[in-house]
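For this chain, numbers begin at 1 and follow the sequence in order. None of these values were measured; they are calculated from a predicted model. Every number for a ligand or one of its atoms is a count from 1 in the order of the listing.
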Amino acid sequence: VLPSWLMRGVSDLFPSRNDKDPSHTLHTRLKEAKLKNRPLRIKLGIDPTGTDIHLGHSILFRKLRAFQDAGHVAVLIIGDFTARIGDPTGKSTTRVQLSSDDVKSNAQTYLKQLGHGQTKEYSLLDFETPGRLEVYYNSTWLENMCLLEIINLLSTGTVGQMLAKEDFGSRYSSGTPIALHEFLYPLLQGYDSVVVRSDIELGGTDQKFNVAMGRDLQRYYGQRPQFGLLLPILPGLDGIQKMSKSLNNTVNLNEDALSMYSKLEKVPDSVVDQYVTLLTNIDLADLTGSPRERQKAMAIQITANCHGLNAATMAQQNAANLILGKTTDTTPINVPEVSITQIQFPTKAFYLLKAINICDSSSEARRQIKGGSVRLDGEKILDPEEEFGTADDISGKVLQVGKKIFRRLV
Ligand code: TYR
């Protein structure tokens, strides 16, 4: 009975029913909200530990946005304080604590990527409609918490409960140190829920423990506990491991349309349905056609979400041209890289072609250049003796020979 936009892609909703009060389901809370004309408060916290937001993160923001569009209040928590401790979830060792400056500048780039300063059509979150978004930095209340309050917080959990959390448990049994401050992380995240009076907390499936901690603490502070709405962790472009910057299998929100499209068009068939469900509003039943067509439809829609349909269609065209070997008006990506670190600069164009093994001999290289089939970032090179002064002059550019050979110089 829950709306389909709400349940789309959801892997866990808890509690589904409260034994003590069976009427207390998310359904009833939504109904009550409507009746009293009091929107629900949907919490999503993000620790600004890096600079880029990727599609994996965007699943949660899309869900948050769906709640905004349905008239609820998105409560975005920038975990500038929690980021400094680092969420121990999924980690096998204690995390390095970040400096407050790093965290502050990361937070700014996050807000920009979420669409701060843009109209709501083109941004991930609705920053525009009054009353639909509250943004908090959790250092506001966590930084100056007094010891007494911290002791209160600590008194609500037990060591056994902490060790039952999978990552702590396995570290404890394998003798990998757990620093005491790491136990504070779930409690601080839970305390955030108390401060913002959240009704629903969104998170990845790995956040169940932390979200449940929020429920306990809200109860302790005399509030109605939040619901947890958990969404899957997105597999990365390899289709196997989770999307993560450290695994180099991400698509970042700030990538250009061509780069985004070309990466997405190539994800393994096995994950296309998940991408469609979690990152678009396309109905899977409407997605007919060959696996290749389905993949393209997914890639174009996700690219369009970030860049608009025009840019996405153009990216699709450019990507196709790239494969056919035509030149594009945009710098191609996903071309094999070749190192130019061994080359002595200044160097001449014909020598470059030979040095990176595209041409077997200097004379062949000269011939190719004179014949007009060599381009650097789309621009024809016509003089074999053209000189490049330093590696910086050509580094990052794409060298093309004929219709099929592309190399990115690095
Ligand atoms: N622990 C969350 C994560 O790593 C981030 C978070 C931080 C969530 C503070 C909520 C919160 O209140 O994804």
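- No salt bridge links R62 with D69; every basic N to acidic carboxylate O contact stays at or beyond 4.0 Å.
- Remark: E32 engages R224 in a salt bridge, criterion side-chain N to carboxylate O under 4.0 Å.
- Under a 4.0 Å N-O distance rule, the pair K104/D101 does not qualify as a salt bridge.
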Go through the steps for K245 and D52 under the test salt bridge (Lys or Arg N to Asp or Glu O under 4.0 Å), then give the verdict. CA-CA 9 Å; K245 184 177 158 196; D52 297 326; 5.6 Å; no
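- Salt-bridge check for K43 with E201: passed, with a basic side-chain N closer than 4.0 Å to an acidic carboxylate O.
- Within 4.0 Å of ligand 1, protein heavy atoms belong to K43, G45, D47, T82, D87, N138, Y185, Q189, D192, E201, Q207, listed by chain and number.
- Applying side chain to side chain contact (heavy atoms under 4.5 Å, CB included) to L202 and the options L44, L230, I59 leaves one that passes, L44.
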